[in-house]
Amino acid sequence: MPSLRQFLLGKKYHRIKLKTTPTNHLTLKVSINGVEGDFILDTGASNSCVGNEEAEHFNLFSEDSDIRAAGAGASNMLTRISSDNVLEIGDWKKKKIELVLFNLSHVNQALLNHDAEVVHGIIGADILKKGKAVIDYNRKCLYLK
């Protein structure tokens, strides 16, 4: 019987290594519009997000949004939307990706309070669905197709 890795690689999935923070979050390297950053993998986040202050860093063009963000102890936060972005995670690449921009300072402050590194954003369920994601928590790997 093949291992999960062998099975998924045989189905043309891409394997991405994950790291665990001192807060027990899973993180990964993500490239947006050719610029790399550190992101939390959050299966509970409906949308993938980037911090407002990172818009220029990732060459994001955004417009005001009616969507209000909530999560991690904050709610009703104003957001912006950036469309038509190229997102790469390892060898997996997708174009025309929409990202939500909002204030991530509460997330990064929580990470700093536990001696963890700050992040540029969050990879949420939208990207995980697009990639038919499989997460191997035991081996700390994400598989995307």
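Only this structure's heavy atoms are used, side chains among them; waters, hydrogens and symmetry mates stay out. Note that the structure is a prediction, hence the values are computed from the model and not measured.
- Scanning for side-chain hydrogen bond (donor to acceptor under 3.5 Å, both in side chains) contacts around Asn113 gives Gln109, with sequence neighbours left out.
- For the residue pair Thr27/Asp38, the side-chain donor-acceptor check at 3.5 Å is not satisfied.
- Under a hydrophobic clustering in which Ile, Leu, Val, Met, Phe, Trp and Tyr are joined whenever their side-chain heavy atoms come within less than 4.5 Å, directly or via other members, Leu101 and Phe61 fall into different clusters.
- Heavy atoms only, all atoms of each residue included: Phe39 and Ile122 are closest at CD2-N, 3.3 Å.
- Annotation: side chain of Arg15 is in contact with side chain of Arg5 (closest heavy-atom distance under 4.5 Å).
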Check the pair Glu98 / Ser82 against side-chain contact (heavy atoms from CB on, under 4.5 Å), numbers first and verdict last.
-> CA-CA 6 Å; Glu98 186 172 275; Ser82 177; over 6 Å; no

Steps toward side-chain contact (heavy atoms from CB on, under 4.5 Å) verdict (Val100, Ile81) | CA-CA 5 Å; Val100 175; Ile81 296 288; 3.8 Å; yes

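- The distance from atom NE2 of His25 to atom CG of Leu28, rounded to the nearest 0.5 Å, is 13.0 Å.
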Evaluation steps, side-chain contact (heavy atoms from CB on, under 4.5 Å), between Ile97 and Asp126 | CA-CA 10 Å; Ile97 296 294; Asp126 56 342; 5.8 Å; no

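- Within the 3.5 Å criterion, the main-chain N or O of Val119 finds a donor-acceptor partner in the side chain of Asn108.
- Distance alone, capped at 3.5 Å, is enough to place a donor-acceptor pair between the Asn33 side chain and the Phe58 backbone.
- Between Tyr13 and Tyr143, the ring planes are perpendicular. Angles over 60° get that label, and only those under 30° would be called parallel.
- Taking each heavy atom of Thr23 and Ala110 in turn, the nearest pair found is CG2-O, 4.4 Å.
- Both Leu142 and Tyr137 sit in one connected hydrophobic cluster of ILVMFWY residues. Membership requires side-chain heavy atoms under 4.5 Å apart, directly or through other members.
- For Lys17, the NZ atom is densely surrounded, since the number of other residues' heavy atoms within 6.0 Å is greater than 12.
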Applying side-chain contact (heavy atoms from CB on, under 4.5 Å), run through Thr20 and Leu18 and close with a yes or a no.
-> CA-CA 7 Å; Thr20 305; Leu18 302 170; over 6 Å; no

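- The 12-atom threshold is not exceeded at NZ of Lys19, counting heavy atoms of other residues, nucleotides or ligands nearer than 6.0 Å.
- Between Lys29 and Ile89, the shortest heavy-atom distance links the atoms O-CG2, 4.0 Å.
- A distance of 14.5 Å separates SG of Cys49 from CZ of Arg80, quoted to the nearest 0.5 Å.
- With contacts defined as side-chain heavy-atom distances shorter than 4.5 Å, the pair Leu99/Ile32 qualifies.
- Looking at Thr21 and Asn24, their side chains never bring a donor and an acceptor atom within 3.5 Å of each other.
- Side-chain contact between Val50 and Phe102 is absent, with no heavy-atom pair separated by less than 4.5 Å.
- The only member of Leu26, Leu111, Leu104 that meets side-chain contact (heavy atoms from CB on, under 4.5 Å) when paired with Ile40 is Leu111.
- To the nearest 0.5 Å, the span separating NZ on Lys12 from NZ on Lys132 amounts to 14.5 Å.
- Within the model, atoms CG of Leu128 and OG1 of Thr43 stand 7.5 Å from one another, a figure rounded to the nearest 0.5 Å.
- Atom CD1 of Ile135 and atom CG of Leu144 lie 9.0 Å apart (nearest 0.5 Å).
- Looking at every heavy atom in both residues, Lys130 comes nearest to Trp92 through C-CZ2, 4.2 Å.
- Listed here is the closest heavy atom pair of Ser48 and Gly124: OG-N, 2.9 Å.
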Before giving the answer on side chain to side chain donor-acceptor pair (under 3.5 Å), spell out for Asn52 and Asn103 the whole-Å C-alpha distance, their side-chain angles and the decisive distance to 0.1 Å.
-> CA-CA 5 Å; Asn52 281 329; Asn103 186 338; 5.8 Å; no

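- Side-chain N or O atoms of Gln6 include one that pairs as donor or acceptor with a backbone N or O of Ser3 at under 3.5 Å.
- Sparse packing is recorded around CD of Glu117, with 12 or fewer heavy atoms of other residues, nucleotides or ligands lying under 6.0 Å away.
- Rounded to the nearest 0.5 angstrom, His57 NE2 and His120 NE2 are separated by 4.0 Å.
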